[in-house]
Amino acid sequence: MGYLRLYKKYLQIQIQSMMQYKASFCLTAVGQFLVSFNVFLGVYFMFQRFHEVEGFTYSQVLLCFAITLMEFSLAEAFARGFDTFSSTISNGEFDRIMVRPRNEIFQVLAGRIELTRIGRMLQAVVMFAYGIAKSHVEWTWDKVLTVVFMLLGGTAVFTGIFLIYAAICFFTIEGLEFMNVLTDGAREYGKYPVAIYGKRVLQFCTFVVPYALIQYYPLCYILGQDSRGYYMFLPLLGGVFLLPCYGLWKIGVRHYKSVGS
């Protein structure tokens, strides 16, 4: 409960800070909406030429894209501190974090909350609503629960990738840009079901970085393309993915040397 109260305090402080510059906050949120809207237009125009992709219709792809975008937006909003961790290392801020009595992961998480991602989240909600209306899915309690599991598991997976990025910064000081392939790249390519990229990609996204567990398999269950009931629980394995990510973070903390700034 102590951590929850402290997190709420962090959140209140950051909201007050953002509201000091309301125009900047609104414009940034609108910018986030427009950036994602460009990706949506790409999907829209492609389906003007092709009526389906590997058996998935336009509305089904929108449903997939909306869920992936919501997962990424939630992770980026509340785990942004890991994504910008290289600056925390290079400016010596992590030295102060280390001498405080609270857990260092909690401090990094609470220290940077990007509520401007509400613009991207809004677009995801609109696409999701359209996908629900047009995909002709028969929504039952288990399918609704599957969507909830997808959001929880997807947020965990993207948070885990941000955590890996932050852990690597302990050894490189500066962030490694190739990690964007697993974050922003996954968000872009995640607009389509993972299986359309081929068997090898599907295997990688199942057993290495589990995007398929939070996207493709539960989506097939929701759309009725696969009736295996355990598919609805696969997104929960996203929480398991956090364990090796946390282990890498702890290794990085043990090897951390002050930057001396």
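One is the number of the first residue; the rest follow in order along the sequence. Predicted model, so just to flag it, every value in this text is computed and none were measured.
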#### Entry: Evaluation steps, salt bridge (Lys or Arg N to Asp or Glu O under 4.0 Å), between R96 and E104
CA-CA 10 Å; R96 285 191 284 180; E104 68 276 358; over 6 Å; no
### Message
For R200, is the CZ atom crowded, meaning more than 12 foreign heavy atoms sit under 6.0 Å from it?
### Response
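No, CZ of R200 has 12 or fewer neighbouring heavy atoms, counting only those of other groups under 6.0 Å.
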#### Entry: Other residues, nucleotides, ligands: >12 heavy atoms within 6.0 Å of Q48 CD
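More than 12 heavy atoms, drawn from other residues, nucleotides or ligands, come within 6.0 Å of this atom.
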Any heavy-atom pair between the side chains of [Y] and [X] that's under 4.5 Å?
X: T57; Y: K134; value: no
X: Y3; Y: R102; value: yes
X: F149; Y: M232; value: yes
X: Y192; Y: F56; value: no
X: F106; Y: Y10; value: yes
X: M98; Y: D95; value: no
X: I132; Y: V137; value: no
X: F171; Y: I251; value: yes

### Task
Evaluate side-chain contact (heavy atoms from CB on, under 4.5 Å) for I97 paired with T88, printing each intermediate quantity in order.
CA-CA 10 Å; I97 289 176; T88 304; 4.1 Å; yes
### Task
Taking the six-membered ring for Trp and the full ring for Phe, Tyr or His, determine whether the centres of F85 and F162 are under 6.0 Å apart.
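No - the distance between ring centres of F85 and F162 does not fall below the 6.0 Å cut-off.
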### Task
For this output row, return yes or no: ring centroids of Y165 and W249 closer than 6.0 angstrom.
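Ring centroids of Y165 and W249 are no less than 6.0 Å from each other.
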Could you tell me how the ring of [X] sits relative to the ring of [Y]: parallel (under 30°), tilted (30 to 60°) or perpendicular (over 60°)?
X: F128; Y: W139; value: perpendicular
X: F158; Y: Y211; value: tilted
X: Y58; Y: F47; value: tilted

### Message
Please evaluate residues F25 and L115 with respect to the criterion side-chain contact (heavy atoms from CB on, under 4.5 Å), reporting the C-alpha separation (whole Å), side-chain torsions for both, the decisive distance (0.1 Å), and the verdict.
### Response
CA-CA 9 Å; F25 174 82; L115 296 182; 4.1 Å; yes
### Query
Per the side chain to side chain donor-acceptor pair (under 3.5 Å) rule, which among D226, T146, T206 passes with Y217?
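Of the listed residues D226, T146, T206, the side chain to side chain donor-acceptor pair (under 3.5 Å) partner of Y217 is T206.
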Pairs of donor and acceptor atoms involving the side chains of residues 62-78, under 3.5 Å and at least two apart or interchain, shall be tabulated with distances.
| from | atom 1 | to | atom 2 | distance (Å) |
| --- | --- | --- | --- | --- |
| T68 | OG1 | C64 | O | 3.1 |
| T68 | OG1 | G190 | O | 3.2 |
| S73 | OG | L69 | O | 2.7 |
| E76 | OE1 | R117 | NE | 3.1 |
| E76 | OE1 | R120 | NH1 | 2.5 |
| E76 | OE2 | R80 | NH1 | 3.4 |
| E76 | OE2 | R117 | NH2 | 3.3 |

